[in-house]
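The structure appears right after this line, and notes come after that.
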Amino acid sequence: MSKVVMYASVSVDGFIAAENDDPGALFEWLSSGDVLLDDSGFLKVSQTSYDYIRPYWDQIGVTITGRHVFDMTEGWDGTPPSGIDHVVVVTHRGTPEGWRAEAPFHFVDGIEAAVAKARELAGDRIVEVAAGDVGGQVFAAGLVDEVRMDVAPVAFGSGKRYFGSVDAQHLLEDPDVVIQGNRVLHLRYRVRR
C-alpha cells in the first residue's frame, strides 16, 4: 500500500502562506542554487536540496489538494505539477463546469474518499497531501504516515497554517532526516502511531 506524506514549504513559525495566500520568501530556496530541479528552467536549488527533493518527487504518484489551491492555480491548466500522474481535489462543489474530462484530476467529497482514491491511483507510489486545511484534516484523521517540511528562514506572524485547523496534540517521531540546503532546512518525521 502507498505511503501518505504531508508536505509543503513552511515558515519557521508554521505558516505555508500569508492570509492573502502570498508565500512570500518561502520559495526563495527553489531559486537559490545552480542545479535545475525540473524541466521548467525556473527551479534551481543547491546540490544538497536536489539530492533530497528530486528522488522524493520521482516517487510521488498522486497529490491530494483542496479546491482553494486548485482554483488559485487554475488547475495547473489540466497538467499535474512536477510530473505527478494524478491530482485528487477535495471539494464539496464537484467538478468545475467546463473542466476537461481527460485531465488526470479527480474531484471527491471528503478526505477519506480522497485518500482512498489517491491510494487506488498511486499503487505503490507515494500519495502526497498538500499541507494546509485539507492536509491538516487528513493528518488529524490519522491517515498521514509521514510529515515532510522544507523550513524557510522567514517568520510570517500569521497566515495559513501548515497543519490547517488542527487543534489537538499529535506526536511525531524524532526527525529521521535533517538536511540543510541554501535558504532551507529539509525535515522528515514519521507519525507516531
Side-chain angles (χ1 to χ4, degrees), residues 1-30 49 52-53 55-57 59-72 84 87-92 108-120 122 124-181 183-193:
M1 181 182 291
S2 57
K3 178 170 43 173
V4 178
V5 178
M6 187 172 170
Y7 175 71
S9 290
V10 62
S11 67
V12 293
D13 56 347
F15 298 100
I16 57 172
E19 290 294 343
N20 66 355
D21 295 316
D22 182 359
L26 280 184
F27 300 124
E28 214 174 79
W29 70 275
L30 285 166
S49 289
Y52 175 68
I53 294 295
Y56 168 67
W57 281 11
Q59 295 174 44
I60 300 169
V62 179
T63 291
I64 298 172
T65 191
R67 181 62 178 263
H68 181 69
V69 170
F70 173 84
D71 289 344
M72 276 186 358
I84 294 165
V87 174
V88 175
V89 181
V90 180
T91 180
H92 301 297
V108 298
D109 185 7
I111 58 165
E112 289 85 3
V115 171
K117 181 67 174 177
R119 282 193 160 144
E120 170 192 323
D124 61 354
R125 297 181 70 200
I126 288 175
V127 170
E128 179 182 68
V129 180
D133 287 334
V134 168
Q137 291 173 43
V138 175
F139 179 77
L143 300 173
V144 170
D145 301 305
E146 185 176 283
V147 171
R148 286 181 180 235
M149 300 176 165
D150 299 322
V151 182
V154 59
F156 282 163
S158 66
K160 308 283 177 120
R161 295 172 49 195
Y162 181 94
F163 288 100
S165 59
V166 171
D167 60 2
Q169 177 175 302
H170 297 270
L171 297 177
L172 305 174
E173 298 296 339
D174 288 340
D176 62 331
V177 171
V178 178
I179 296 173
Q180 183 174 346
R183 306 288 303 153
V184 66
L185 182 64
H186 303 290
L187 300 173
R188 183 177 73 191
Y189 301 89
R190 288 191 174 85
V191 176
R192 187 178 287 182
R193 302 273 185 222

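Reckoned from all heavy atoms, side chains included, excluding hydrogens, waters and symmetry mates.
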Listed partners of N20 passing side-chain contact (heavy atoms from CB on, under 4.5 Å), at least two apart: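 So N20 forms a side-chain contact (heavy atoms from CB on, under 4.5 Å) with A18, D22.
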Are W29 and S49 close enough, and set up right, to give a side chain to side chain donor-acceptor pair (under 3.5 Å), and what steps lead you there? CA-CA 9 Å; W29 70 275; S49 289; over 6 Å; no
Output all residues satisfying salt bridge (Lys or Arg N to Asp or Glu O under 4.0 Å) with E28, sequence neighbours left out; order by chain, then residue number.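 Testing E28 for salt bridge (Lys or Arg N to Asp or Glu O under 4.0 Å), a comparison that skips the adjacent residues, returns R183.
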Suppose we screen for salt bridge (Lys or Arg N to Asp or Glu O under 4.0 Å). Which residues come up paired with D176, at least two apart in sequence or across chains?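 Testing D176 for salt bridge (Lys or Arg N to Asp or Glu O under 4.0 Å), a comparison that skips the adjacent residues, returns R188, R190.
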For side-chain contact (heavy atoms from CB on, under 4.5 Å), just list the numbers for L172 and R192, CA-CA rounded to whole Å, side-chain angles, deciding distance to a tenth of an Å, and then say yes or no. CA-CA 5 Å; L172 305 174; R192 187 178 287 182; 5.9 Å; no
How close do [X] and [Y] get, heavy atom to heavy atom, and via which atoms?
X    : Y    : answer
A140 : V166 : CB-CG2, 4.1 Å
P153 : V12  : CA-CG1, 4.3 Å
T65  : V69  : OG1-CB, 3.3 Å
V127 : S2   : CG2-OG, 3.5 Å
D13  : A155 : OD1-CA, 3.4 Å
A8   : I16  : CB-CG2, 3.9 Å

After noting the C-alpha distance and the side-chain angles of V191 and M6, does the key distance pass the side-chain contact (heavy atoms from CB on, under 4.5 Å) rule? CA-CA 10 Å; V191 176; M6 187 172 170; over 6 Å; no
Exercise answer: donor-acceptor pairs, residues 145-152 side-chain atoms, under 3.5 Å, sequence neighbours excluded:
residue: D145; atom: OD1; partner: R193; partner atom: NH2; Å: 2.8
residue: D145; atom: OD2; partner: V4; partner atom: N; Å: 2.8
residue: E146; atom: OE1; partner: K3; partner atom: NZ; Å: 3.3
residue: E146; atom: OE2; partner: R148; partner atom: NE; Å: 2.9
residue: R148; atom: NH1; partner: Y52; partner atom: OH; Å: 3.1
residue: D150; atom: OD1; partner: H186; partner atom: ND1; Å: 2.6
residue: D150; atom: OD2; partner: Y7; partner atom: OH; Å: 2.2

List in chain and number order the residues that pass ring pair (Phe, Tyr, Trp, His ring centres under 6.0 Å) with F27, two or more places apart in sequence or in another chain; answer none if no residue qualifies.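 F27 satisfies ring pair (Phe, Tyr, Trp, His ring centres under 6.0 Å) with no residue once adjacent residues are dropped.
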Tell me, which pairs form a salt bridge (charged side-chain N to carboxylate O under 4.0 Å, His left out) where one or both residues lie in residues 158-172, sequence neighbours left out?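 Residue pairs with at least one partner in residues 158-172: D21-K160.
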Salt bridge (charged side-chain N to carboxylate O under 4.0 Å, His left out): pairs with one or both residues in residues 61-71, sequence neighbours excluded: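 Sorted result for residues 61-71: R67-D71, D71-R93.
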Among D124, I126, V5, the one residue meeting side chain to side chain contact (heavy atoms under 4.5 Å, CB included) with Q59: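 Testing each of D124, I126, V5 against Q59, the sole residue satisfying side chain to side chain contact (heavy atoms under 4.5 Å, CB included) is I126.
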Nearest 0.5 angstrom please: [X] [atom1] to [Y] [atom2], how far?
X    : Y    : atom1 : atom2 : value
I179 : L185 : CD1   : CG    : 9.0 Å
I60  : E128 : CD1   : CD    : 3.5 Å
L143 : E112 : CG    : CD    : 6.0 Å

What residue pairs, at least two apart or across chains, pass ring-ring contact (aromatic ring centres under 6.0 Å, His included) with a residue in residues 130-166?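 Only F139-F163, F139-H170 qualify under ring-ring contact (aromatic ring centres under 6.0 Å, His included).
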For the CD atom on E173, are there more than 12 heavy atoms of other groups (residues, nucleotides or ligands in this structure) within a distance under 6.0 Å?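 Counting other residues, nucleotides and ligands, CD of E173 exceeds 12 neighbours.
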